[in-house]
Structures are given as structure tokens and as C-alpha cells.
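Everything on this sheet refers to the single structure shown next.
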Protein chains: 2
Amino acid sequence: MLSIGEMSRRSGVKVPTIRYYEQMNLIDAPERSAGNQRRYTHAALDRLTFIRHARDLGLSLEAIRELVRLSENPAMPHDEAHRIATSHLAAIRERIARLKRLEKELTRVEANCHADQAGDCNIMQVLADHGRCETEH
Amino acid sequence: MLSIGEMSRRSGVKVPTIRYYEQMNLIDAPERSAGNQRRYTHAALDRLTFIRHARDLGLSLEAIRELVRLSENPAMPHDEAHRIATSHLAAIRERIARLKRLEKELTRVEANCHADQAGDCNIMQVLADHGRCETEH
DNA sequence: TCAAAAGCTTCAGTCTCTGGAGATATCTTG
DNA sequence: CAAGATATCTCCAGAGACTGAAGCTTTTGA
Ligand SMILES: [Zn+2]
Ligand SMILES: [Zn+2]
Ligand SMILES: [Zn+2]
Ligand SMILES: [Zn+2]
């Protein structure tokens, strides 16, 4: 059996976060020692590692909750896993697109400033008036 | 003088958010009507519009707070505005880079699945084991 | 055996809002 | 001018995903 500190070291998830996941019902409440400390199985470590990796890939806890449920029923069709992955991918692509627009706009704005004072600074003027932007964002 | 609803309609910032900005000292507490309702000047509307646009460009309220301070002292050098813009740009570029790595990994993982059941689904297997990933992320 | 390390619970804070409850104010229409 | 509709007021809680501290108890290992 593993203590919560062991779990943390092996999974890379911080101790308070593990307790938080338990509270959010992402992981099962484990057994306790005689002195009320958490004692985990290796299966619980695998679960936590799975969650950690999914978080690293940017999935929400809500999405992970569904994936965890799926991973417990390996006989189920994997459609739902793909649905989750696809919609996450779409969200990522949207965020990339938005950030690229912002990057472009900000780069242009900054390059176009030849002022001495804040009052004439192109950045300040663009911020005050979206009409000076070249793109929507 | 403008009511808070007018301010909201004209700036696109929701009413509770305007009150929140006041609480966070991003905008000054306005005058009040006889019945204790907020009454704003057109200068306050300009300020709010500035904040809104900066938010749309992804700046944090902390960064905006500094920009607002700058915009009140138009005689100051604009170095600080550029420092803020540059560091924001760097953050945007980092986020783009990270999201692109995620996109690549997820696209590859999903395309490589030819399973029938969740137990064999490539997505689930990759999530369980980062060793199956091709990139760090 | 006894101190250090690790664990426990509970609460508060992060950031940027957003929404609701219940009371009051203002505006519109008859 | 009165009634009814709309807007606003304050205060509080919740979202997501944690993170940290306070103050106490348990476990570990020299
Ligand atoms: Zn400038
Ligand atoms: Zn703009
Ligand atoms: Zn699959
Ligand atoms: Zn990975």
C-alpha cells in the first residue's frame, strides 16, 4: 500500500491535488490506516497517472471523469473516447487560431510605434480604439 | 451621466463585471444618484472601453491596471507599455507552441486507433502511458 | 524512545468573472 | 399621479483547477 506522499512522488501530482481529486470524485476514497491516513493500491496509482497525463494533454476534469469511467469498462465501444478527443482537439485548434490573431495584431501594433511619450504610443492608442485594429479578435 | 446599464450596453462589459472592476480598483467609484445608483461620465466609458479592448487582446487585469495608470499620465515614456506588450506577446507565443504540441500529439493518437473496444483504444492506452507519446508536452 | 517528517482536516485564496436573492429606485404608460 | 415594469442596489456563492497555511495527529527511523 502507498501513502499519499508516495502517490505524489510517483505520479507527479501534488498531495493537496490528490485530496482534491478525491473530493471531486475523480478517484475513489482509499482505505485508511489505523491512524486514519490514506493507503492506496497500485491500481489507484495507475488511475492517478492516467489522470495526470490527460491533464498534461489539456483535458478538463469533466472530460477526464468520462474517460476514467470508460477505462473501467474496457468492453465498451471507444466512440466516446474519440468524441472527447475530437472535441478537445477542436477546442485546441480554436485557441491556437485566436492566439495567432492576437499575436499578429500585437506584433503589428508594437512595431508601428515611433512615439516618445505614452500619449502618442501606438499601443495605448490602439487599446483605446478597436477601430485601429486590423483584425477581429 | 450614464447608468451602469448604459455603460454595459455601450462597452460590451456585463453589469456585474463593471461592479467587479470597481471593486478591483480598475475603474474609479463613480458618483451616485439620489437613490444610490451609479452615474458615470463619458470619460469613465472611455476607460471601460479601453479595459474591454485590452481584455479582448488577452491582457491580464494586473497588466491592464498598469496600462490604465500610464494612460492617465500621457507625458510618461511609453517604455512600460512596450514592456507589458512584449511580455504578453512572449506568453502568447509560449501558449501557441504548447498548444501546437498538444494538437500534434492528439491528432496522431487519434488517427492511429483501429480498435473495436475501449480496452484496445489507442487514446486510452496513450493516456495510461506517456511513454507512448512522441513528444514532450 | 523521541524528534522529524509526513499526514490529517478545514479554511481561505488564486483569477476573472457570473449569477441569484431580496430589497430599492427609476422609468413608462394609462 | 399611481401602478407596474424594468433597472439597480448589496451581499453572497460558485465556476475550474488547484494551492497553501494553521494547528493537530500519526508514522518513521536513528
Ligand atoms: Zn509606444
Ligand atoms: Zn481590436
Ligand atoms: Zn479508439
Ligand atoms: Zn504524453
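No hydrogens, no waters, no symmetry mates; every other heavy atom, side chains included, goes into these values. Letters go in sequence order (proteins before strands), and every chain restarts at 1.
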Letter per nucleotide, 5' to 3', of nucleotides 12-30 of chain D [B base touched, S only sugar-phosphate touched, - untouched; heavy atoms, 4.0 Å]
-----BBBS-----BS---
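- Using a 4.0 Å heavy-atom distance criterion, B/R9 is classed as making no nucleic acid contact.
- Under a 4.0 Å N-O distance rule, the pair B/R19/B/E22 does not qualify as a salt bridge.
- Applying the side chain to side chain donor-acceptor pair (under 3.5 Å) test to pairs two or more places apart or on separate chains, those with a residue in residues 123-137 of chain A are A/E105-A/T135, A/Q125-A/R132, A/H130-A/E136, A/H130-A/H137, A/H130-B/H53, A/H137-B/H53.
- Scanning DNA chain C 5' to 3' for nucleotides with an atom closer than 4.0 angstrom to a non-hydrogen atom of chain A gives a first and last hit of C/dG7 to C/dT9.
- In terms of modelled atom types and a separation under 3.5 Å, the side chain of A/R47 and the main chain of A/D28 share no donor-acceptor contact.
- With respect to the salt-bridge test (charged N to carboxylate O, under 4.0 angstrom), the residues A/D79 and A/R83 do not qualify.
- Every side-chain contact (heavy atoms from CB on, under 4.5 Å) that B/M1 has, sequence neighbours left out, goes to B/E31, B/R39, B/T41.
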Tabulate below the donor-acceptor pairs under 3.5 Å that side-chain atoms of residues 8-18 of chain A make, not counting sequence neighbours, or state none.
| unit_1 | atom_1 | unit_2 | atom_2 | d |
| --- | --- | --- | --- | --- |
| A/S8 | OG | A/V13 | O | 2.7 |
| A/R9 | NH1 | A/E6 | OE2 | 2.5 |
| A/R10 | NE | A/E6 | OE1 | 2.9 |
| A/R10 | NH2 | A/E6 | OE1 | 3.3 |
| A/S11 | OG | A/M7 | O | 2.7 |
| A/S11 | OG | A/V13 | N | 3.1 |

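- In this structure, a donor-acceptor pair under 3.5 Å is present between the side chains of B/T86 and A/E110.
- The nearest whole Å value for the distance from the CD atom in B/Q23 to the P atom in D/dT10 is 10 Å.
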Can you give the donor-acceptor pairs under 3.5 Å from side chains of residues 111-118 of chain A to other protein atoms, not counting sequence neighbours?
none

